[in-house]
Amino acid sequence: MKDQHLVTLTVNGREHELVLESRRTLADTLRQELGLTGTHLGCEHGICGACTVLLDGEPVRACLVFGVQADGREIRTVEGLADGDELNDLQQAFSRHHGLQCGFCTPGFLMLAEAYLAGGGSADPGEVREVVSANLCRCTGYQGIVEAVTEVAARRREQAAKAHD
Amino acid sequence: MLRGAATFVEDIPRPHAHHLAFVRSPVAAGRIAGIGTEDARAVPGVLAVVTAADLGHPSLTAVLERDEFVPTSMPLLAHDRVRYAGEPVVAVVAESRYVAEDAAERVWCDIEECDPVLSLADAASTPVHPEAPDGVLVDLQMFADDLLDESLARAPLVLEETFRSGRVTAAPMEARACLAEWRDRDEQLVLHCSTQVPHQVRTGVAQALGIAERQVRVVAPDVGGGFGLKCVVGREEVVAAAVAARWRVPVRWTEDRQENLTAAFHGHEQEYRVRAGFDAEGRFVGVDADIVCSVGAYSAYPFSCGVEPLMAATELPGVYKVGRYAARARGVATNKPPTAPYRGVSRPQIVLVMERLLDKAARRLGIDRVEIRRRNTIAPHEFPYTGPNGITYEPGSYLEALERCVREVTDAGWWERRAGGDGLRRGIGLVNFSERTAYGTATMGLRRMQMTPGFDVSHVRMDASGDVVVTSGTCGHGQGHETTFAQIVADRLGIRPERVKLRQGDTDLVSFGWGTWGSRSLVIGGGAAAVAARTLAGRLKAIAGELLEVGPGDIELADGYARVRGVPEARVAVEEIAATVHFRSHTLSRHHDQLLEARGAADPPGMFSNAAHAALVEVDPGTGDARVVDYLVVEDCGVVVNPTVVDGQVRGGVAQGIAAALYEELTYSPEGQPLAGTFMDYLVPTASEIPPVAVHHLQTPCELTETGAKGMGEGGTIGAPAAVLAALNDALRDCEADLDHIPVRPADILRVLTTGTRTEREDTA
Ligand code: FES
Ligand code: FES
């Protein structure tokens, strides 16, 4: 008997119905069933964070979550950040601050940072450094990543303050 | 990249591709008595279970044409003997990775285990290769100097020291991966491969499978980091190619992290026994080095296991005048994975050795450590300087970099921070070194590899709308080649860099090349592109001259126009020239070439970048924890084509160097079992362990290269271990610390703090 389940995933605002084997990870589901290959796998042990996506707004390691566990939930991946051709502020800041070289870790860092920023994360570089130390990058030495996230945190806070006034 | 739209090998859609999983040796050394594949074959969804015999025992052999070298072959799949835990023995081909892994578990290998060789000490007990009964695959005696012993005997100070560095690995975030498929239409095997060297992979596959080079096309799509791990040919990639060619199905292999850490390529496991003599003023009178590199079980293809020993013996003296010099360097086979030229290749170690020697001599002789470096460094008026190692060093800013680094450290208030007063110990490490980059054919030829890399080529083509495509035999993957190559070409054609696109990493697109490694691409690949662009510029000028009725010498290319020098209104747009050449060639006189294409090559001899690094470390005396809290680099890579790219390379390199100094090591049990199989045990540092790195540039234009640039891809990794180790010893200065190995662990520091004596780490093996 086949161990298969019908699940509904909402990914970047679009609903998908899928039949999944229970051992299929969310990362494989996104990459192979939905063709969203922006979510990368760097270790499959839950350590490197390359596979970070947002599950109901919270950052999770998609290599450790099974696809069936995401049934009925909202998932956001790197493909959902830009608005059409327009990169979002965080993506632009990564590019300006040279926050990527090979780019393999980048989607994971973007999603991790996106969650931090959405939660009103502070623009203190020390705090940003601590947050981004959840993920690994082998190319950049992290400086550009920390600078980019810090800058966007400051800008988003400014905007939020203005909107509040 | 930022949108998640990049294409790494795994991202290439092939829904019906089969997947490979490898059954690997569970033991470090042994004889294969039997292999059972029936159960695995019976698993639904399995296409084939492949042993070496099924493939006809193919292998890869890297050769150094020297008497001191013992050639050994690396079989694609082990047969007869296994030589390290993790060595591939059987390949399972199945409809999915899940099924392939399930089936792999049902293969049994009956292996009669033997005692493993894990270090030089036991190399001769059970040799890894019968061809090398003493376990030594390469034994080089270089620069023998009859007077060295005598000079050392007379020297007022002789240090006899041992230095060690642990086994590490590049651990790119994208592990190795490939997708192999046979295309009937082209009668060609297409191998998409995460590699730094597509053409060398093509040659390796063709040789191992006994097919023609033209029957193999290797494509490197986006590559998620390499750092040397992907500049050699992996046997798994060739097995994937063999399976695709035999069964005519597309087949993927994706290395998992455990395989990457335990069964891919390693590096940097070395030991140096050094005698160094100094005069009373702290000047070197001579250095005698005995170097042993644990090269692992096989000689990696194509550059061989001679890479580390040759580099170490040849370049040990670095920026210093050492007087007399001799070195012996051996590559010893051990029952561990083979080594590849991981970023830095022996230079992190030789810099560490030289800098430790100077710090020790300074302490013994009561000389300031900056002053002792001043006295030994090759001075500006001494260039070109030829050392006892036969190398001629072209001008660099060795002393200037040192002085600038000291000034920056002082201005940044590090000395006050070092004084501490809050219970933590702090130390400053200062190091000065060079990095030979962009080795051309002339230099590589001296190594006598059967395959001698060096030159590279580039084509520059302008289309009918005036846009330019550059192809290069180098193969970037995060070094910003798209930006820098475009800049180099655009500058010479007087057009905007956005109009220039770089294409690379496809053996059908680029006639040949040596790929990206050894800090060569911008200088050699970029140099070739500059030559080609210059030729194309000449052609544009000739045509513009005809259109504007002046001689080509009167034309300049700028702002997208060819214009008459001094008469800016007399001009023709580059697009116009391009359109004329393509569509209205009848309006031109006959002597113009028909298209706007040019080819360039570059083959510089290899040149030395240089840098001074400073590290500030903090040590917690309670726990022995050490952290690098500030880092400063003054570097000189000649003319900087793009400072952002250079800074990024330096910072990423420093992070890898700090990692090797404090965190990363691939350790083995006495049985030869790898103890680091995940990122929980192999501690790639996070943002919390890596400080901000300030980078300052000096620019000594290089006369040997097209652009005035020197290479610089490895300097960060080369300088950082020495700087951190010096800083640690400085932080423990009142304990007479003498830490001479990396990585330094908290336990090593606690031992210094409690015993107050010199330490040497126990062998892990
Ligand atoms: S791939 Fe999921 S954490 Fe590394
Ligand atoms: S940019 Fe390559 S791993 Fe982060």
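Residue numbers begin at 1 in each chain, while the letters A, B, ... track the order of the sequences.
Atom CZ of B:R651 is separated from atom SG of A:C139 by 14.5 Å, given to the nearest 0.5 angstrom. Here the straight-line distance linking atom CD of A:Q101 with atom CE of B:M173 works out to 13.5 Å at 0.5 Å rounding. If you take SG on A:C102 and CZ on B:F8, they are separated by 5.5 Å, rounding to the nearest 0.5 Å. The distance from the CE atom of B:M1 to the CZ atom of A:F94 is 14.0 Å, given to the nearest 0.5 Å. Taken to the nearest 0.5 Å, the SG atom of A:C43 stands 10.0 Å off from the CG atom of B:D256. A:L136 contributes atom CG, which lies 7.0 Å from atom OG1 of B:T686 (distance to the nearest 0.5 angstrom).
For chain A, the nearby parts of B:A687 are the backbone and the side chain; heavy atoms of each come within less than 4.5 Å. Heavy atoms of A:A82 lying under 4.5 Å from chain B belong exclusively to its side chain. Both the backbone and the side chain of B:V684 come within contact range of chain A, each with at least one heavy atom under 4.5 Å from a heavy atom of that chain. Residue contact with chain B, scored on non-hydrogen atoms closer than 4.5 Å, involves the backbone and the side chain of A:R129 alike. Both the backbone and the side chain of B:V693 come within less than 4.5 Å of a heavy atom of chain A. A:Q91 touches chain B through backbone and side chain together, each having a heavy atom under 4.5 Å away. Heavy atoms of B:A659 lying under 4.5 Å from chain A belong exclusively to its side chain. Neither the backbone nor the side chain of A:N88 comes within contact range of chain B, judged by heavy atoms closer than 4.5 Å. Contact of A:T140 with chain B is made through the backbone alone, with heavy-atom distances under 4.5 Å. For B:Y98, the parts sitting under 4.5 Å from any heavy atom of chain A are the backbone and the side chain alike. Using a 4.5 Å cut-off between heavy atoms, B:A5 makes no contact with chain A at all.
Between A:H40 and B:D11, the closest heavy-atom pair is NE2-OD2, 3.9 Å. Here the closest heavy-atom approach between residue B:V645 and residue A:H98 is recorded as CA-NE2, 4.1 Å.
At distances below 3.5 Å, at least one donor-acceptor pair connects side-chain atoms of A:Y142 with backbone N or O atoms of B:P685. For the pair A:R138 (side chain) and B:Q656 (backbone), a donor-acceptor distance under 3.5 Å is absent. No side-chain donor-acceptor contact under 3.5 Å links B:E174 to the backbone of A:G42. Side chain of A:E44 to backbone of B:R257: no donor-acceptor contact under 3.5 angstrom is found.
The ring of B:F679 has its center no closer than 6.0 angstrom to the ring center of A:H45.
When each of B:G653, B:G4, B:G225 is scored by its heavy-atom pairs under 4.5 Å with chain A, the top score falls to B:G4. Chosen from A:A50, A:G38, A:G141, A:G35, the residue pairing most often with chain B at heavy-atom distances under 4.5 Å is A:G141.
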(message) Using side chain to side chain contact (heavy atoms under 4.5 Å, CB included), reason through A:L87 and B:R3 one step at a time and then give a plain yes or no.
(response) CA-CA 8 Å; A:L87 295 179; B:R3 301 167 183 278; 3.7 Å; yes
(message) Set out, in order, the CA-CA distance, both residues' side-chain angles and the distance that settles side chain to side chain contact (heavy atoms under 4.5 Å, CB included) for B:L2 and A:S95, then state yes or no.
(response) CA-CA 8 Å; B:L2 287 158; A:S95 157; 3.7 Å; yes
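Within residues 62-81 of chain A, the residues having any heavy atom less than 4.5 Å from a heavy atom of chain B are, in residue-number order, A:V78, A:E79. Scanning residues 12-20 of chain B against chain A with a 4.5 Å non-hydrogen threshold yields no residues. Inspection of non-hydrogen atoms places A:R23, A:R24 of residues 17-24 of chain A under 4.5 Å from chain B.
Scored by the salt bridge (Lys or Arg N to Asp or Glu O under 4.0 Å) test, B:E689 finds no partners at all (sequence neighbours excluded).
More than 12 non-hydrogen atoms from other residues, nucleotides or ligands lie less than 6.0 angstrom from CD of A:Q4.
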